[in-house]
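All remarks here apply to the structure that follows.
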Amino acid sequence: MKLFTNKNQRNAKLLRSAALGMTLLFFGSLVIISDPLQSILDTQLSLKPGALLHRLWLLPPLDVYINVYMFNYTNVDEFTSGRASKLQIQEVGPYVYKEVLSNHNVTYNESNNTITYTPKREYVFAPERSVGDPKVDRIRAPNIPLMGVTTLASSLSMFAALGLSAITRQLNSQPMLEMSVHDYMWGYEDRLVELASRFVPSWIDFSSFGIMEKLFREGNETNVFNMNLPEPKDKYGVRMTDAPRGYTVDSINGERGFKGWQYNEETNGTMCNRIWGSHDATLFPLDMDENDEFFLYRRTFCRRLPVKFNRTTTYNGLDAFEFVMEPDSFDSEMDNANSSCYCKNNRCLKKGVGSVSPCYYNIPLAITYPHFMHADPSLLEPFEGLQPNESRFTSTFVVQPQLGAPMQGTHLRLQANQVVGKVNFNRMMAPFENMILPLLWVDLNIDVLCLSLRLLIHGIKWGFPLLQWSAALGMLLAGVYQLCSALLLCFWPTAKQFQKVDQVERGTAVQVIGVGLSLATGLRKPSVPLDPEEQHHLLFGGGSYIPKMAKT
């Protein structure tokens with residue numbers, strides 16, 4: 001402990017130590033009580049302009065891939081001629097495309113706590129992940145426009161059906177097409193489609209047709225989403241239960257439900273024809289738990305797909321909530337209010353088959369699980385080469401809870417199918433009557449999160465809280481040290497007090513030595529007496545000293 005020459009210096013040091021100690025204790029306690037890190041995270045993990053999450057959401061740094069598996073029909077001639085009883089299907093793929101998402105034209109609506117934006121998705125071929133070049137590889141697959149028109153003609157009058165059949169024969173339209181994988185997926189010229197776009201533009205407004213083009217790319221730059229922001233909280237920080245769930249879709253292009261599935265705005269529709277309340281699979285609430293059930297929406301589905309919590313797991317050391325799609329996600333039943341709207345003219349498709357025709361110009365298309373998994377077993381009977389496998393075809397959706405974003409482990413697996421109904425006056429289409437023909441199946445998946453996202457997630461969970469607690473503990477310990485220093489200063493003497501004590505101790509020593517010398521004198525012969533100056537020098541001086549008498 002440093003000695004102070006006067007009382008003022010000691011008092012100044014005492015006040016400084018006490019003030020600094022109290023300040024450090026106050027701020028250390030404030031950090032623990034107020035948890036400023038959570039306030040910072042609440043601000044940065046929001047869609048407010050300039051926030052971290054907002055910047056990530058505008059251009060998500062996620063590697064999303066679509067693995068496309070085509071179905072190649074290898075014995076069409078044998079089947080149509082009656083020499084083969086079943087169609088042989090060969091699965092070809094994957095042909096992989098990277099999906100690049102960006103959000104544009106962002107507008108905040110404070111009046112109803114929503115945000116309006118236009119998502120844009122681009123698809124870039126990934127040759128290093130694909131089995132071949134889709135522009136070179138060729139397949140034989142169903143002629144979707146012809147089969148669709150033929151099925152729709154069954155509901156027309158006899159004369160209309162005969163006329164349509166004559167047109168298809170004149171155009172030499174074949175039930176099966178042979179072309180490159182790329183053209184079949186992203187668009188090819190079809191004379192029947194061109195003719196329809198010319199005479200009925202209100203129904204068909206395109207001159208080429210591609211199954212992936214219609215399922216994924218169409219409308220990417222024109223759809224306007226209106227999404228609910230996180231729910232307001234009361235003064236105690238509790239989420240308002242009557243507010244829409246955070247980051248759910250409120251409307252798309254001003255519509256809150258599917259008109260093709262008879263959505264009623266007055267009643268807010270039913271579970272099977274609503275759009276509102278679903279997620280676009282890019283952002284989820286941060287307060288999810290095991291009781292949550294979400295609905296995923298993409299135009300590809302033409303419906304909301306429910307996913308239920310399955311388990312808590314980890315991927316590459318990151319926490320994850322895994323959700324799964326139910327086996328009956330594509331079922332439709334007349335007596336079930338949650339799926340009856342999918343039945344047209346009081347007719348429902350077979351178990352495990354979900355119609356998507358209202359979203360695609362009423363062309364009879366349907367989605368199922370790959371290889372008709374969880375579907376009616378009769379769907380497999382006309383084919384050879386389809387093998388349902390739950391370990392390969394189950395759909396899982398994985399969400400990172402600290403960031404609310406989809407992550408590695410997500411696999412949405414769906415199959416697109418051509419529905420062929422009753423065939424009238426068309427001999428070429430007769431062998432395919434009342435069949436559901438697989439076209440392709442896709443695996444929409446997410447690759448490993450980039451390093452920056454992994455570091456951010458680890459920081460949110462471990463790094464930032466550890467830094468906050470270390471800072472708080474450091475301030476508390478430093479504050480205690482300063483207060484202890486101030487307390488010691490209250491009882492520690494000054495330098496003058498030390499000098500007084502030293503002088504008293506020295507005087508006592510002189511008296512003791514003097515008594516000793518007197519005793520020694522009585523025991524020895526008389527000697528020359530020492531004056532006080534000589535005694536003092538002997539006691540406290542250094543070196544040799546010659547007494548005065550000796551000098552004389």
Side-chain angles (χ1 to χ4, degrees), residues 30-32 34-64 98-110 112-122 225-233 237 239-240 243-250 279-289 292 294 314-321 397-410 446-472:
L30 185 63
V31 168
I32 295 176
S34 63
D35 194 7
L37 173 62
Q38 189 60 49
S39 301
I40 296 174
L41 290 178
D42 290 343
T43 301
Q44 291 300 317
L45 298 182
S46 68
L47 285 188
K48 296 180 179 179
L52 175 62
L53 186 62
H54 178 263
R55 294 195 295 270
L56 294 175
W57 173 76
L58 289 177
L59 189 63
L62 296 175
D63 292 332
V64 180
K98 183 177 181 180
E99 183 181 79
V100 181
L101 170 65
S102 56
N103 294 307
H104 305 268
N105 304 324
V106 179
T107 303
Y108 290 86
N109 310 305
E110 296 183 1
N112 58 359
N113 195 39
T114 62
I115 182 173
T116 304
Y117 63 97
T118 300
K120 179 181 179 181
R121 288 180 169 89
E122 299 177 354
F225 279 64
N226 192 45
M227 182 175 67
N228 294 298
L229 293 174
E231 308 90 311
K233 297 181 179 179
R239 176 169 53 92
M240 299 290 189
R245 198 76 163 95
Y247 305 128
T248 55
V249 176
D250 180 71
H279 286 82
D280 67 350
T282 60
L283 203 57
F284 291 84
L286 300 181
D287 54 353
M288 294 181 298
D289 57 39
D292 271 322
F294 294 103
T314 58
Y315 286 91
N316 291 331
L318 300 178
D319 293 338
F321 287 168
F397 197 88
V398 181
V399 181
Q400 209 293 313
Q402 278 81 32
L403 203 58
M407 61 175 292
Q408 177 189 5
T410 293
I446 296 178
D447 206 355
V448 179
L449 294 181
C450 62
L451 179 61
S452 59
L453 281 183
R454 295 203 303 270
L455 292 176
L456 174 62
I457 293 169
H458 283 303
I460 293 173
K461 183 180 179 182
W462 302 107
F464 302 150
L466 180 61
L467 181 63
Q468 176 176 278
W469 279 99
S470 299

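Heavy-atom basis, side chains included; hydrogens, waters and symmetry copies ignored.
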Kindly indicate whether the side chain of Pro406, heavy atoms from C-beta on, has any atom under 4.5 Å from the side chain of Leu62. yes
Rounded distance [0.5 Å steps], CE in Met227 versus OG1 in Thr248: 8.5 Å
So, taking the atom named OG1 in Thr114 and the one named OH in Tyr108, what distance separates them when rounded to the nearest 0.5 Å? 11.0 Å
Looking at Leu53 and Ser46, what are the two nearest heavy atoms and their distance? CB-O, 3.4 Å
Starting at CG of Asn228, measure out to CG of Asn112 and round the result to the nearest 0.5 Å. 7.5 Å
Rounded at 0.5 Å granularity, tell me how far CG in Leu449 sits from CG in Asn316. 8.0 Å
Go through the steps to decide whether Leu467 and Leu37 satisfy the test side chain to side chain contact (heavy atoms under 4.5 Å, CB included), and finish with yes or no. CA-CA 10 Å; Leu467 181 63; Leu37 173 62; over 6 Å; no
Can you list, pair by pair, the side-chain donor-acceptor contacts under 3.5 Å of residues 279-286, counting residues two or more places apart and other chains?
unit_1, atom_1, unit_2, atom_2, d
His279, NE2, Gly246, O, 3.4
Asp280, OD1, Thr282, N, 3.2
Asp280, OD1, Thr282, OG1, 2.7
Asp280, OD2, Tyr117, OH, 2.9
Asp280, OD2, Thr282, OG1, 3.2

Is it the case that the side chain of Thr410 and the backbone of Val398 share a donor-acceptor pair, with hydrogens and angles ignored and the cut-off at 3.5 Å? yes
Compare every heavy atom of Asn103 with every heavy atom of Trp57, then report the nearest pair and how far apart it is. O-ND2, 2.8 Å
Show the nearest heavy-atom pair for residues Leu101 and Pro119, with the distance to one decimal. CD1-CB, 4.0 Å
Which pairs pass salt bridge (Lys or Arg N to Asp or Glu O under 4.0 Å) with one or both residues in residues 453-471, sequence neighbours excluded? Asp319-Lys461
Separation of Ile446 CD1 from Gln400 CD (nearest 0.5 Å): 11.5 Å
Can you give me the closest heavy-atom contact between Met288 and Pro401, atom names plus distance? CE-CA, 4.2 Å
Verify, without hydrogens or angle tests, whether Arg55 (side chain) and Gly50 (backbone) share a donor-acceptor contact under 3.5 angstrom. yes
For the residue pair Ile32 and Trp469, establish whether any side-chain heavy-atom pair is separated by less than 4.5 Å. yes
Is the side chain of Gln44 donor-acceptor paired with the backbone N or O of Leu52 at a distance under 3.5 Å, no angle test? yes
So which atom in Lys98 and which in Asp63 form the shortest heavy-atom distance, rounded to 0.1 Å? NZ-OD1, 3.3 Å
How long is the gap from CG on Leu58 to CG on Leu47, to the nearest 0.5 Å? 8.5 Å
Heavy-atom pair of closest approach, residues Ala320 and Met407: CB-SD, 3.7 Å
